*Asks:* 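For reference, the structure I am asking about is given below.
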There are 2 protein chains.
Amino acid sequence: MEKVTIKKLAEELNLSASTISRALQDSYQIGSQTKQRVLERAAQLNYVPNYHASGLRKKVSKTIAVVIPEVADSFFAQAINGIEAVAQDSGFHVLIYLTHESSAKEQAILKEFQNGRVDGVLLSITAETTHYNYIQELITRGIPLVLFDRVCEDMLTTKITTNDFESSYLATKHLMDCGCHSIALLSASNSLAISKNRLAGYKQALTDRGRHFKENIVVECSKIEGKNYLLIKELLSRPDRPDGIMATVEKQATSIYQVCRELNLPIPEKVKVVGFSNLQSAAYLNPALTTITQPAFAMGKAAATSLFKALKRTNGSIVAESQVLSSVLHVRDSTCRL
Amino acid sequence: MEKVTIKKLAEELNLSASTISRALQDSYQIGSQTKQRVLERAAQLNYVPNYHASGLRKKVSKTIAVVIPEVADSFFAQAINGIEAVAQDSGFHVLIYLTHESSAKEQAILKEFQNGRVDGVLLSITAETTHYNYIQELITRGIPLVLFDRVCEDMLTTKITTNDFESSYLATKHLMDCGCHSIALLSASNSLAISKNRLAGYKQALTDRGRHFKENIVVECSKIEGKNYLLIKELLSRPDRPDGIMATVEKQATSIYQVCRELNLPIPEKVKVVGFSNLQSAAYLNPALTTITQPAFAMGKAAATSLFKALKRTNGSIVAESQVLSSVLHVRDSTCRL
DNA sequence: GTGAAAGCGCTAACAT
DNA sequence: ATGTTAGCGCTTTCAC
């Protein structure tokens with residue numbers, strides 16, 4: 001069974017290659033009975049148009065890339081879901097890249113996107129990323145890029161985020177309402193805008209209640225597996241141990257539960273916990289985890305939708321049509337028993 | 001800033017296109033000082049080889065596809081992690097496709113892979129998939145395909161699975177050891193091999209203990225969101241309500257917890273639960289969930305590794321070098337309080 | 001060690 | 001409504 005190409009079809013049907021091509025694309029120039037014949041024969045011979053050939057010719061790939069720190073996180077898993085839904089609708093394919101919080105890896109990945117493999121990019125930057133020229137470069141070269149969740153604030157492109165300041169402000173206030181006097185903040189990074197916003201909301205809440213901010217109670221998380229557990233253990237072993245924790249990264253929550261169990265610190269009696277988390281099982285944890293839940297699926301959809309819009313514009317330019325979606329605070333037992 | 005191609009480089013350096021091409025590929029035919037010059041200038045001009053052009057010429061895409069039912073499941077998320085790790089090592093790119101348990105979608109996706117977009121495929125079939133000709137077809141056409149977790153048993157290709165029969169056997173015995181007399185099985189599908197194996201292990205365990213098998217206590221799950229909750233609620237509302245449940249799909253576990261809470265059926269006192277699950281938080285659920293945990297990351301790695309091996313063989317043929325990895329039973333409070 | 005030329009499979013002017 | 005031609009950017013014979 002040899003490869004079926006347009007040329008082959010052309011011979012078979014005594015037509016020219018261009019006629020075949022046009023018929024397959026349902027061009028208005030082609031007579032309907034000819035179309036019929038072509039389509040029929042193509043189906044019979046199981047003709048499949050060569051991806052690279054048309055891609056080379058048309059300079060499109062019908063592919064977008066999703067570049068994220070990791071997948072084993074409900075937020076990103078749900079976001080991918082949203083992205084994939086929109087992509088499948090638009091006939092686009094989705095490449096996944098995991099940076100594992102390595103800025104160098106991120107840079108290498110984006111750099112390669114100049115080769116025509118992808119038409120657009122959805123990016124959630126690493127906790128390490130501090131300079132953005134390689135991202136800007138990609139946009140300059142005509143590859144639309146939409147940032148989501150972990151964005152670079154000063155970049156001129158669409159950004160899909162959540163109301164991180166408010167969420168964090170609300171969560172911190174909630175912890176104080178529940179009686180916390182010393183609230184620790186587990187942060188993803190010192191440099192990420194999202195982290196800064198969450199930190200700012202946290203500080204504002206303290207200020208509004210006349211509390212003062214203690215530097216040493218903000219813990220920047222490590223990307224090294226297992227290291228966070230130790231950082232949390234250290235935090236909760238201090239003589240002036242905090243009585244509240246806000247974890248801004250999903251997976252920190254389980255580490256906190258683990259440490260509290262080991263140190264015999266009942267939640268919420270000794271330590272109250274709120275986590276930024278999209279875990280389906282949050283309500284069934286022991287104790288049920290109070291969460292800030294982001295609209296992950298919707299964010300994925302919004303980011304992808306915006307990207308495809310840019311892709312449809314002939315010039316491919318991205319109008320910065322950023323959106324801020326709202327997270328929801330779900331109060332559960334980890335902050336106050338009912 | 002105009003597009004830099006090999007042709008452009010050739011002009012700049014007064015060399016032919018072929019020389020440039022060879023130099024960039026570090027061909028032995030090219031003098032080292034020439035190579036130097038080419039590489040230098042290419043870097044200066046930020047030359048990036050066109051993906052479609054080389055793909056068309058060489059008939060490779062350096063891309064694999066991962067086709068799975070969903071991402072929002074720890075098993076698949078972890079598997080993707082493993083796959084991506086191997087792929088990045090080998091310089092391959094990873095496309096993700098979600099079938100959402102639709103066999104038709106799966107078929108459409110695989111069909112398109114005949115176009116040269118991917119060099120190989122990793123597949124975990126839908127619960128609906130019953131005929132496999134379109135999968136076999138792909139392999140026949142020279143696209144290596146490795147099945148993982150949800151495999152088609154009678155297909156001649158590499159299959160990466162876990163010891164589902166034994167795991168299920170073990171879990172069922174464990175439930176009986178904990179005092180269960182009537183154990184329900186929540187199954188993913190009646191047709192999937194993996195489900196059949198888990199069912200078989202379950203039945204065997206019953207038989208070995210002289211219990212007899214009741215048809216109506218096996219519930220086939222629906223792919224409709226929310227429907228499973230109702231099925232479980234019906235199950236646990238029966239007069240002859242089971243006192244044990246084995247959930248073979250991860251997300252069923254939270255539905256069970258929800259239903260038990262609503263019906264005021266304490267776990268494990270009234271109902272004991274074991275779930276096939278890779279949830280990181282299983283140990284922190286209320287009560288801690290007894291799980292069968294699959295080596296998801298390792299399975300992803302194994303599947304990808306096997307695929308790349310096939311890709312390296314010039315003929316691309318897949319030697320069926322299937323592997324069966326072992327799952328682990330983690331006994332926790334949902335089956336017996338310590 | 002380097003160049004010329006052909007062609008991967010498709011599409012899009014430009015004819016007619 | 002259909003055919004002719006050129007070319008996307010690269011690789012790879014084949015020649016020198």
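Letters A, B, ... mirror the listed sequences (proteins, then strands); counts begin at 1. Worth saying up front: this structure is predicted, and the values here are computed from it rather than measured.
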*Asks:* Given A:Lys223, which partner from the list A:Glu101, A:Glu70, A:Glu128, A:His100 fulfils the side chain to side chain donor-acceptor pair (under 3.5 Å) test?
*Replies:*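 It is A:Glu128, the one option of A:Glu101, A:Glu70, A:Glu128, A:His100 that forms the side chain to side chain donor-acceptor pair (under 3.5 Å) with A:Lys223.
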*Asks:* Side chains of A:Ser21 and A:Gln25: donor-acceptor distance under 3.5 Å anywhere?
*Replies:*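 Side-chain D/A pair, A:Ser21 to A:Gln25: present.
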*Asks:* Answer yes or no: does a side-chain N or O of A:Thr19 lie under 4.0 Å from OP1 or OP2 of D:dG3?
*Replies:*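 Looking at the OP1 and OP2 atoms of D:dG3, one of them is under 4.0 Å from a side-chain N or O of A:Thr19.
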*Asks:* Can you tell me which nucleotide in D:dT12, D:dT2, D:dC10 comes closest to the side chain of B:Lys58?
*Replies:*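 Selected nucleotide (nearest to the side chain): D:dT12.
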*Asks:* When the distance from CG of B:Leu24 to P of C:dG1 is rounded to whole Å, what number comes out?
*Replies:*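 In whole Å, C:dG1 P lies 17 Å from B:Leu24 CG.
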*Asks:* Are more than 12 heavy atoms from other residues, nucleotides or ligands located less than 6.0 Å from atom NZ of B:Lys159?
*Replies:*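 Yes, NZ of B:Lys159 has more than 12 neighbouring heavy atoms, counting only those of other groups under 6.0 Å.
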*Asks:* Has A:Ser21 got a side-chain N or O lying under 4.0 Å from the OP1 or OP2 atom of C:dA12?
*Replies:*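 For A:Ser21, the contact criterion (side-chain N or O under 4.0 Å from OP1 or OP2 of C:dA12) is not met.
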*Asks:* Can you check whether A:Lys35 has a side-chain N or O nearer than 4.0 Å to OP1 or OP2 of D:dA1?
*Replies:*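 Answer no for this pair, as no side-chain N or O of A:Lys35 is under 4.0 Å from OP1 or OP2.
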*Asks:* Starting at CD of A:Gln114 and ending at C1' of D:dG9, how long is that distance when rounded to a whole Å?
*Replies:*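 Result: 16 Å.
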*Asks:* Can a donor-acceptor pair be found between the side chains of A:Asn46 and B:Lys111 at a distance below 3.5 Å?
*Replies:*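 A pair is found: one side chain offers a donor N or O, the other an acceptor, under 3.5 Å apart.
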*Asks:* Quick one: on DNA chain D, does B:Pro49 or A:Gln29 contact a more 5' nucleotide (nearest heavy atom)?
*Replies:*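 By nearest-heavy-atom nucleotide position, the 5'-most residue is A:Gln29.
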*Asks:* Are B:Arg117 and A:Thr63 linked by a side-chain donor-acceptor pair shorter than 3.5 Å?
*Replies:*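 The criterion, which ignores hydrogens and geometry beyond distance, is satisfied for A:Thr63 and B:Arg117.
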*Asks:* How close or far is atom P of C:dC10 from atom NZ of A:Lys59, stated in whole angstroms?
*Replies:*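 Whole-Å distance recorded here is 17 Å.
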*Asks:* For A:Arg57 and C:dC8, what is the distance between atoms CZ and P respectively, to the nearest whole Å?
*Replies:*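 Value for this atom pair: 16 Å.
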*Asks:* What does B:Ser18 touch in the nucleic acid at a heavy-atom separation under 4.0 angstrom: a base, only the sugar-phosphate, or nothing?
*Replies:*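 It contacts base atoms.
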*Asks:* Side-chain donor or acceptor of A:Thr34 under 3.5 Å from a matching atom on the base of D:dT2?
*Replies:*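 There is none.
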*Asks:* Measure CD1/B:Ile20 against P/D:dT11 and give the value in whole Å, please.
*Replies:*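 The distance from CD1 of B:Ile20 to P of D:dT11 comes to 12 Å, rounded to the nearest Å.
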*Asks:* Name the orientation class of the two ring planes belonging to A:Tyr97 and B:His93 (parallel below 30°, tilted from 30 to 60°, perpendicular beyond 60°).
*Replies:*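 Taking B:His93 first and then A:Tyr97, their aromatic rings stand perpendicular (interplane angle over 60°).
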*Asks:* Does A:Ala17 or B:Tyr51 map to a spot on DNA chain D nearer the 5' end, using the closest nucleotide for each?
*Replies:*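 Nearer the 5' end of the strand: A:Ala17.
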*Asks:* When you check the phosphate oxygens OP1 and OP2 of D:dG3, does a side-chain N or O of A:Ser16 lie under 4.0 Å from one of them?
*Replies:*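 Checking A:Ser16 against D:dG3: at least one side-chain N or O falls below 4.0 Å of OP1 or OP2.
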*Asks:* To the nearest Å, give me how far apart NZ (A:Lys7) and C1' (D:dG3) are.
*Replies:*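 Rounded to the whole Å, the gap is 16 Å.
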*Asks:* Could you pick out which residue, B:Arg22 or A:Ile6, lies toward the 5' side of DNA chain C when each is mapped onto its nearest nucleotide?
*Replies:*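 Closer to the 5' end of DNA chain C: B:Arg22.
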*Asks:* For A:Ile30 and C:dA12, what is the distance between atoms CD1 and P respectively, to the nearest whole Å?
*Replies:*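 For the pair A:Ile30 CD1 and C:dA12 P, the rounded distance is 13 Å.
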*Asks:* With a cut-off of less than 4.0 Å, is there a side-chain N or O of A:Tyr47 near OP1 or OP2 of C:dC10?
*Replies:*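 So the side-chain polar atoms of A:Tyr47 do come within 4.0 Å of the phosphate oxygens OP1 or OP2 of C:dC10, strictly under.
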*Asks:* Assign B:Asn115 to base, sugar-phosphate, or nothing according to its heavy-atom contacts below 4.0 angstrom with the strands shown.
*Replies:*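 Touches nothing.
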*Asks:* Between atom CG in A:Leu56 and atom C1' in C:dA12, what is the gap in whole Å?
*Replies:*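 Spelled out: CG on A:Leu56 to C1' on C:dA12 is 14 Å.
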*Asks:* Does B:Thr5 reach a base, just sugar-phosphate, or nothing at all? Heavy atoms under 4.0 Å.
*Replies:*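 The answer is sugar-phosphate, as B:Thr5 gets under 4.0 Å only of primed atoms, P, OP1 or OP2.
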*Asks:* For C:dG9, does either OP1 or OP2 sit under 4.0 Å from a side-chain N or O belonging to A:Lys8?
*Replies:*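 No.
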